Every structure is written in structure tokens, then in C-alpha cells.
Amino acid sequence: MNAAAETTKGQSEDIRPLSAGQFIAAPTPGERARLRGARCRACGETFFPPRRYCAACTSGEMEDIELPSSGSVESFTIVHQQLPGSAMIPPYAIVNVRLGAGPVVQTVLREGHEMLELDDDVALVVETVLNEDSHSYVAFIARRLAGGSKEEGK
Amino acid sequence: MNAAAETTKGQSEDIRPLSAGQFIAAPTPGERARLRGARCRACGETFFPPRRYCAACTSGEMEDIELPSSGSVESFTIVHQQLPGSAMIPPYAIVNVRLGAGPVVQTVLREGHEMLELDDDVALVVETVLNEDSHSYVAFIARRLAGGSKEEGK
Amino acid sequence: MRDVVVLGAGLHRFGRFPDKSLPDLGREAIENALDDSGVPFKDIEVAYVGRVLAGMGAGLSVVSEMGRTGIPVINIEMACGSSTSAFREAYLSVATGVYDTALVVGFEKMQRGLIQIADQKSYQTVMGLAVMPASYALQARRYMADHGATAEMFGQVSVKSHRNGALNPYAQYQTAVTLDDVMNSRSIADPVTLLQCSPTTDGAAAVVICAASKAAQYKSGRLAHVAGWATGSGKYEPTGDSAEGEADTGEIGRLVAMAWERAGLGPEDVDVTQVHDAFAPGEIFSIEGLGLVPVGEGAQAVWDGRTEIDGDIPVNTDGGLLSRGHPIGATGCAMVTEIVRQLTGEAGPRQVKGGDAHVGLIQNAGIGGMNILVLTS
Amino acid sequence: MRDVVVLGAGLHRFGRFPDKSLPDLGREAIENALDDSGVPFKDIEVAYVGRVLAGMGAGLSVVSEMGRTGIPVINIEMACGSSTSAFREAYLSVATGVYDTALVVGFEKMQRGLIQIADQKSYQTVMGLAVMPASYALQARRYMADHGATAEMFGQVSVKSHRNGALNPYAQYQTAVTLDDVMNSRSIADPVTLLQCSPTTDGAAAVVICAASKAAQYKSGRLAHVAGWATGSGKYEPTGDSAEGEADTGEIGRLVAMAWERAGLGPEDVDVTQVHDAFAPGEIFSIEGLGLVPVGEGAQAVWDGRTEIDGDIPVNTDGGLLSRGHPIGATGCAMVTEIVRQLTGEAGPRQVKGGDAHVGLIQNAGIGGMNILVLTS
Ligand SMILES: [Zn+2]
Ligand SMILES: [Zn+2]
């Protein structure tokens, strides 16, 4: 599950996470996303993004955890309207991905969204989503895992 | 007091009031300002700008009146800071002018503000304050009336 | 807590009014509400104002159009639930005896296009996630799979709403549409199509409330009483559900139970309902959350016509957000207005139960909370 | 109405914090207030939030940092008086028994430079009239002529405020200034100079209140009780006075009389006061309006040091808006915080009356209303 061993190329200096604190280790485009979550030591609930206080029980005893980098599609929608300011070009899918016993995270799925079905397994992968001011901004996106259909190349 | 007889030149087509409804007749730069006020038929209170309901007694029986075009300086301040978006270049005075028994109106006084004193008599005069999109926008400003000091030319 | 009645309500028509200012819109709604109530403005002791996009101090600029009597004018914001929040604050201030008579006003002037719910530079926007109908669409797709509903059942909400809007002279859209029109309008966030999205709207709504013991000096006849209320934000449910904001329907059940307890009534007593249908699926999720139909049966109920004006659980008789329009700060007061008209038998061609409607239910969702109100006559 | 106490209060330091978000600022203030009160967040039943410039739903984004317990989070806006308005709503909700324990939060992140009080395209702006200190300056010049005051007397307000701010670790400015510094700083709207203008500020303040009958379970010792309040907007006085907004000091007298009546106290009982000194003349107009000195004697009172910490009518002991800073949505809760510290004897080097202070008075002006609060211990 852990994608750390998959590193195939050196990281360029100008890669920045689009949202600070999202990753537990420096993200590399194309690799599995190692997302930083939080777990409540008091009640065990897990969250993404991390919180200082537990949403469920209000405890401040939170610890960082690494979240699974795959899960199943709880639901999705295909967006056909361009959102002003967005780097995503319609059509694309917004997916809610349930990470095993962990939290549900929301992201986009761009390739193969027309084949997407509920409960499909998807991987969370680091991808460059925005180039601005000579920086590459990366985030995690969802990618379909081989099911009945072929895996998409990049 | 009424400046209607003073018209000296024809009005250009592109003269517009900066604030709609302020004048009781088409305003001409350089002439006395014929301001539209409102008077409450129930309690007699007068207002500028006009109101649909009396601020004092809430009556809706309001009538348009023409306000005096001169009054006395209730107070003033010299502004030294440029307000973003303003057509007024500091220093200029903001003056509160009491129109006889009528309302106090607020406007600017640009020429001779350094000689301004409390309770000075001032006239309210139509002046072009902004040229934009080939329109001249006019408003009323205050001008000192001959007191101890000489009257300013234009 | 004292018994409190809604003495009057009034709207400025919802729609697009580029040449009108907020005070123009607000004044007309206030005038209509005061006329309807018989209360002169000088008897109003406090004003609570729901508005979202208007700048600092907007409430005073609107309310002071009617006079400067020295009353507090308090602006309340809870996104799309702002004016039911203003209503609740006003209600509590009268119910507890702080004031006898209060004015509630909601107004908004909106830009065209989808509401921007996050900053343009934000992660949510860059990633294309801050799409307003998406949360409804995500919930709708899961619902279809779990309960065997069809996309047409969601579309039917909009057909019904437009049919009702056509009967409402204050609605933004007053033209009926067919199911084909709805399903063939362009997809925004599948399965939500354009005609399943509430429009952006200019408009204003006002309500006058007073202590029931003081009502007789202003008005006689049937009056709507405030019988119950509840308000609360999304409580985290440790099942792992991470939905936030408007579509957090899990919240409705918890809140409506609090409102029923206060009112001493239950879902079986409801004659007419207003729900937050910012997007068509909202009506279905809401009637289930409110307990008007069992979970999973809302779509079928709409399909079978049960939420029509002549159905057994009429919902959004004035066209709802979808057709009456959704000027976010004004929506809550418009909901109250329609329920008052229904409970006093003044809803004209939209009247439910032959005028014999006595219990009205309102659900208005926002950010920071959802408001439930129960009105009775 | 039940007796209500302020159980705790806390601030995030006021200043400029470009790298911090509103939730960062707000969370720290809430943590400090909860710590001070002994109340765990899960016991909080409602949150009222004062904020002006932050966008839709800002309250929830801050308060939900502490947990998602399902409480209503209601945003209140009354310009610079927003968080005393939030305090009043919270107070009424507890005093009348709707809730037992409430959180009040105020926060703001502001741009640099003078606050823009009117739209850039508006008549008031184009004409150069929408200059924030102008209304204070106009009133100050008339005051000087009518009462023989000097410009230096207004300047002295700022000298005193900065001296107090230097004693307050939460103040934006913690450095004393001389009268020469104040008078020689550049003129903004004569006679108001730069050092007589409150700065733009980032900051947050929070207060926890609860029914007095429930206080013992959280905290013992001296507590501040809410003894009186009043709120109202500028009432039109048919003398022809057309002043509007914050500088409408004619309003103060009418309102403080209502607050004294509720509290059963009077101006002679006051030990410590917070007033709305957005610009230095404000302190002078306010202490006169509040009845702490006769009309026309306020400037002399300041000049004579009577409003200093060791004076007979100490005012703005924490530095006030001028020196503590004025993050508009947070200012009211910061005023409450300082009065609570004074009444509980915890004001340290700023402590008045040797710790024997029992009546505190607050005046916070906004658009839509001014709030007066009387706290006692
Ligand atoms: Zn926990
Ligand atoms: Zn009148």
C-alpha cells in the first residue's frame, strides 16, 4: 500500500503541494499519495484533513496518521460546468472515496470518468494540477484501479 | 436666492448629476444649486436628500421642496488623505452647512478652505466634479460668500 | 415563553432588478408586511435582518428608509439560512418579553451564474470541488443506487416547483416546464441538470411578529402562531460520514425532533411544508429527513404527486427556491410568508387542504446551522 | 430574566498576522476563553459570532475547529459593534433560559489603510465625503469652539491610550508616545492626526457566558455579572441634527439611561469604562454622553488625567481601539474581556482602584446600533 518504494525519478525543486500539510512526505507526481490524516486518541475517529480537536468528541489528543492510498467510491458526480478559477476542465468527476475504516476524502477523477461506477476501487495518486509562477502545484487525485476495464496509461 | 434667472450659457447634452434626483431642475455648472429636499406634511421636518417616509415621525406624507442655496458652516474639517476612488484632491474641506431652518447638508469646499471659519456663510453651487465616459458629472459644492475676505474667482 | 404570532408578511417580487437598489427592494417588502399586519412602523421595537452578500450595515440602510425611530437593526448571516435565523432571534426576543413587536427583513441582490462558495484561490476552487450542486448530486447518485430511484424522479421536483411558481405572482419563474424540459436542459453536475438548480435572484421579504397578547390591537381573524423551532449545525456522526454544509440531511431528523417536542406536534400533523430545494434532490432528502415519508420513499412520493398542492404532503407551494427564486438572505422570510398565507387561508390558487391548513413546517438550511420552524393557526 | 455571568474571556493578540488564517486567530481566542472559564467546548450550547469583512459562514469555519457538536453558529454584523451585538444575543438567549452556556467570538482580518466605508463608485466616495475620521473631526471642531477645548486635549487621549497599551501584552501598539508625537503626526482630517486614528488590525476575542446558577460547577471566585444593557440606532432628533453612524453621540445618553435602569445603578457607581475611541475625540464625546462628566467638560477631564488608570474615571485601560487595535468584528469582545479582567482583579499593571473595582461600563458603536453593557462583580 505504501508507495514510498515506488519513487522512480528525483523530485524537482519547484514542486509544491497545492494545500500545505496534506502529505506526510514530499509528494512526487505519478506516485501514490501519502496523505496525512489525524486520529483521535480518545475515541479513535480518523479525519482528513488533520484537525487539532476531534470533531466527534472534542478531544485535543490527536495524532498524525498516514491514510490508505486507495479506497472505494462512495459516490460521484460528473461536472459539466466550468468553475471560475478552477484548474479542472469539464467534464470530470468529483468522487467521495471511503478509505477503508478511515475517513471519506473528496477529490476529482479525470481519466475514465465515463466508466466510473459506485463502489469502484480507486487509488489516490499525486498529480500536478496547476503550473503558476514557475511552480508546479501538486494535489492528490483519484484513479480507477483495474476492475473489469483496462487501466489507463498516462 | 433662487438662481434660475442667472443662467448664462446653454446646457451641454452630456451633463449628468453625480447623484440622481438631487436637483429640482437641470443643474448648470457655475450656477446656484437648486436642491430637491423633502418636507413632512405631518410634522414639518425637512430633509436632504428627499425621503419617502419622515425620519422624525414616520409619516409617508412627504412633499418635494426646493432648499435654500446658501447657509452657514456648522462645522468643517480639512481632509489631507486621498480617499481611494474620490475625485477630490486633498487638501479640501468637508463642510456641514445648515440651510436656515432647513436641514444640514454635507459637501466639500475646495477653494479658500484655508480661510474657512465656523459660522461662515457659504453658497451651494453646481460644479463638474467628474468627467468619465465622455459625460460630465455635476454635484453641488460649497463656496465661501464675501465676508471679511475677497471672493474667489473660478 | 410567551405565545408569538406572525401578524403580517410581504415580499418584493423575486427576479432580476438591475435598476433597483437594496433599499428599493427592502422598503417594498417592509411596506407590504406592515400593511398586512396593521402595525405602523413606529410601533416596531427591533429589526433583525437576514442578508449575506450586502456590505457592512446594510440592514440600517434598508430599515431606516421607513423612519429613524432609534430601534436596533441587527444583521444576521447564516448563508442561505440567514433570514430564518433572523426570524429566530426576533422570535426569541419577543417570546421572552424583551420586545413586544419585531420586524424581520431578508434581502439580497445576486450576481448571475452559480454561487461562488469558496475563494477563487482556494484549494476547493482550484481542484474544481467547490461546485454548489455537487454535494446534492453526490447524495442523489448514492440515493438512486440504494433506493432504486430514477433521475426523472428528481427532475419531477422541478416540474412541480415550476407549476407552483406559475401560480405565484411574486415568483421569479412563472412558467410551467415539462419533465422533458428538465431532463434535456444541460447537465451541471450529473444527475443535476440546469432546471434542477435554483436561480440567482434579487428580492426581499419581510415579516412582522408580535406577542399574541398584543395582536388584537392590530388585526383580527386567523393568525399564524410560532409553535416550535430548532436550530443547529451539522453534528459529526462517528460513522465516518464527512458531509458538510447544506446537504447534511442527517441533521434534519435530530432538529425536527426538537421542534416537534417544543410544538407538541408530530409529522402526521403537518398540512403544508416549505423545504430547502436549492437543487431538486433537496426536496426529496428533506421530506425524508423531516419524517414526512419514510427514508428511501421520498423520490417515489414526488413521482406519485404526493408533494403537489393537491397531494397529501404539499411541499413548496409557492415554487420553492427552484422557481420562486433564491435571493439567499431573503429565502427564509419568503418561506415564512408562504406558510402564513397557507395557514390564514390567503394562498389563493396555491391554497392547500381547501383552506383548512393548520400546521405548517419550514426547513431552511445554511452554513452554521439549519432552521426548523413550526407555525400553527 | 436569569442572572448571567461571564465565566471566561480570552484574546488572540491584536496586530498584523498575514500568515495566520481566521480559524488560526479565532481558535486561539476560543482556547484562551475556554481555559479561563473552565468550560469544556462540549458544554457550549450555542455560538454567536461577530465578524464584518469575513465571507459567508465564517463563524462555522472558526468555531468548528473546536469540534462539531451540532450547536448553532450565528454570525452577527453591526459594523464596529458586531461582537457586543453577538454578546447581547448570547446574553438574552441565556438570561431567558433558552441555553445555559454560550460562546461569543469576534474576529477580523483587515486590509491596511483607512477603512473604506462606502462603495468606490458611490456618491459619498467620489465626492470625498466617505472619510472615516471626518465625522469625528467635524464634531471635534464644533466642540472646540463651543467649549473652549484645544486640539491638544484630543491628542492627549491618544497619549493616554498608548501608555495603557504599553501595559497590555495583547495590544497592537505597546509603545508609549508623547503629545508632540501625536500632534506632529500627519494630519488626516484636521484636527484628527494619524496617531489619533485607530489602526487596521487582525485579531480575535472570545467570551464564555453562562447562567449564574450553573457557574459554580466551572469556576469559583469573583465573577463578572451582566447587570444592564441597552442597544439602539440613531434616533432622529427633530432639531435638524443630521449626524449619522458612529459619531452620533446624541444616542449615548438615551441608551445609557436604559442600561442604568436595567442595572439599578448610575454613572456615579462606575469604576472602569471602555468606550469606542475609533478616533481620539471619541473618548471625550463618549464620557460626556455616558454621563461620567458633564457635557463640555470631557476634554478638560482627559487633560487633567481623570481618565488615566489611576484617575477617578479610568477609561480604556487596555489601550482602547487606538492602541489595543480595532479588528472591527473583535473589538466588542475585547472590551468585555478588559472589563472582566478589571472586575475580577486580574488586570495586573492596568488594574484600577487597587483591585476594588465592581462596576464596569462598555460603549461600543456600530452601524445599526450602539451597545451599552454594564458588568458588575
Ligand atoms: Zn475523539
Ligand atoms: Zn414628520
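Computed from heavy atoms alone, side chains included, the values below leave out hydrogens, waters and symmetry copies. If you're wondering where the values come from, they're calculated on a predicted model, not measured in any experiment. Protein chains get the first letters and strands the later ones, always in sequence-line order, with residue 1 at the start of each.
Contacts of Tyr92(A) with chain C are made by side-chain atoms alone, with heavy-atom separations under 4.5 Å and no backbone atom involved. Contacts of Ile78(A) with chain C are made by both backbone and side-chain atoms, with heavy-atom separations under 4.5 Å. Only the backbone of Thr46(A) comes within contact range of chain C, judged by heavy atoms closer than 4.5 Å. Proximity to chain C (any heavy atom under 4.5 Å) is restricted, for Ile141(A), to the side chain, taken from C-beta onward. Interface remark: Val79(A) contributes backbone and side-chain atoms alike to the contact with chain C (heavy atom separation under 4.5 Å).
A distance of 10.5 Å separates OH of Tyr236(C) from SG of Cys57(A), quoted to the nearest 0.5 Å. If you take CE on Met127(C) and CG on Leu18(A), they are separated by 7.0 Å, rounding to the nearest 0.5 Å. To the nearest 0.5 Å, atoms CD1 (Ile188(C)) and OG1 (Thr77(A)) are separated by 10.5 Å. Between Leu194(C) atom CG and Gln81(A) atom CD the span is 8.0 Å, to the nearest 0.5 Å.
Using modelled atom types, one side-chain atom of Arg141(C) and one backbone atom of Phe76(A) make a donor-acceptor pair closer than 3.5 Å.
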- [ ] Start with the C-alpha gap between His80(A) and Arg186(C), add the side-chain angles, then the distance that decides, and say whether side chain to side chain contact (heavy atoms under 4.5 Å, CB included) holds.
- [x] CA-CA 8 Å; His80(A) 294 275; Arg186(C) 79 190 157 80; over 6 Å; no
TODO: Could you check Asn96(A) against Arg142(C) for side chain to side chain contact (heavy atoms under 4.5 Å, CB included), going step by step and ending with a plain yes or no?
DONE: CA-CA 11 Å; Asn96(A) 285 352; Arg142(C) 189 77 238 176; over 6 Å; no
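Within 6.0 Å of atom CD in Gln111(C), 12 or fewer heavy atoms from other residues, nucleotides or ligands are found, so the atom counts as exposed in its surroundings. Glu261(C) CD: 12 or fewer foreign heavy atoms inside a 6.0 Å radius. A 6.0 Å sphere centred on CZ of Arg52(A) holds no more than 12 heavy atoms belonging to other residues, nucleotides or ligands.
Tested against Leu83(A) for a side chain to side chain contact (heavy atoms under 4.5 Å, CB included), the candidates Leu129(C), Val126(C), Thr125(C) yield a single pass: Thr125(C).
In this structure, Tyr137(A) has its ring center no closer than 6.0 Å to that of Tyr123(C).
Among Val129(A), Val108(A), Leu118(A), Val95(A), the residue with the largest count of heavy-atom pairs under 4.5 Å with chain C is Leu118(A).
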